[in-house]
Amino acid sequence: MQKSKIARFISIIFIILLIIGLCSIPFIPKLYDVFKAESSKSFLTQSMLYKFTFYSCYIVALVILYKLNTLFNFIYKGTPFTKKMETNLKIVAILFMILFLIIIIKSIFIPTILSFAISIVCFVTSLCFYVLAQIIKAAIIYKDEIDYTI
């Protein structure tokens, strides 16, 4: 199989975003205060539950970036029909579902339209990754049958 240059390019972008994300963890309160709405409280004055959900969403997003980087590396190497690809797709689906649950729970205490919209996007994305994992699983079975036939 030919190596995909687009997959490599996207993988490099994910690596850059992951490095930026990891380096910015100590600066989250300052970055939050820079980009918050004027009517919002500063990060340090938010409740402990809000801070916990914010950090947990951030960490889950970084893990999603790492797993997506892994998926694009499989595509670049030309081995998309492997058990590892299926497993990583299921992990990404679970991570998006966790993100959905965290945002929904946060929305119960601090309801905003944006939180509900993001939670719906995370839910649908989780379902898409799960369906893709099932398609890859079926493709692996068909590929193995063809390999055994030859």
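Reckoned from all heavy atoms, side chains included, excluding hydrogens, waters and symmetry mates.
Crowding of Phe9 atom CZ: a count of heavy atoms from other residues, nucleotides or ligands under 6.0 Å not exceeding 12. Under a cut-off of 6.0 angstrom, the local environment of CD1 in Ile6 is sparse, with at most 12 non-hydrogen atoms contributed by other residues, nucleotides or ligands. Other residues, nucleotides and ligands contribute more than 12 heavy atoms inside 6.0 Å of the CG atom of Leu44. Around the NZ atom of Lys36, the shell of radius 6.0 Å holds more than 12 heavy atoms that belong to other residues, nucleotides or ligands. Atom CZ of Phe52 sits in a sparse spot, with 12 or fewer heavy atoms from other residues, nucleotides or ligands closer than 6.0 Å. Around atom OH of Tyr32, more than 12 heavy atoms belonging to other residues, nucleotides or ligands sit under 6.0 Å away. Lys41 NZ: more than 12 foreign heavy atoms inside a 6.0 Å radius. The number of heavy atoms from other shown groups lying within 6.0 Å of CZ (Phe43) is above 12.
With a 4.5 Å cut-off on side-chain heavy atoms, Phe96 and Cys122 count as touching. For the pair Phe100 and Ile104, the minimum side-chain heavy-atom distance is below 4.5 Å. Counting heavy atoms from C-beta outward, Leu68 and Ile10 have side chains that stay 4.5 Å or more apart. Under the 4.5 Å side-chain criterion, counting only non-hydrogen atoms from C-beta, Ile25 is in contact with Ile59. Looking only at side-chain heavy atoms (C-beta outward), Lys143 and Ile146 stay at 4.5 Å or farther from each other.
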- Carefully, step by step, assess Leu89 and Tyr130 under the rule side chain to side chain contact (heavy atoms under 4.5 Å, CB included). CA-CA 7 Å; Leu89 284 167; Tyr130 182 74; over 6 Å; no
- Task: Decide side chain to side chain contact (heavy atoms under 4.5 Å, CB included) for Glu86 and Ile140; before the verdict, give the C-alpha distance in whole Å, the side-chain angles of both, and the deciding distance to 0.1 Å.
- Result: CA-CA 9 Å; Glu86 176 197 350; Ile140 292 168; 4.3 Å; yes
- Take Asn88 and Ile91, measure what side chain to side chain contact (heavy atoms under 4.5 Å, CB included) needs, and give me the verdict at the end. CA-CA 5 Å; Asn88 279 322; Ile91 290 171; 4.2 Å; yes
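Using a 30° and 60° split on the angle between ring planes, Phe72 and Phe14 fall in the tilted class, from 30° to 60°.
Annotation for Leu31 and Ser24: closest pair CD1-CB, 4.0 Å, computed over non-hydrogen atoms.
Connection of Ile64 to Val121 is not established within any shared hydrophobic cluster, with ILVMFWY side chains joined at heavy-atom distances below 4.5 Å, either directly or through further cluster members.
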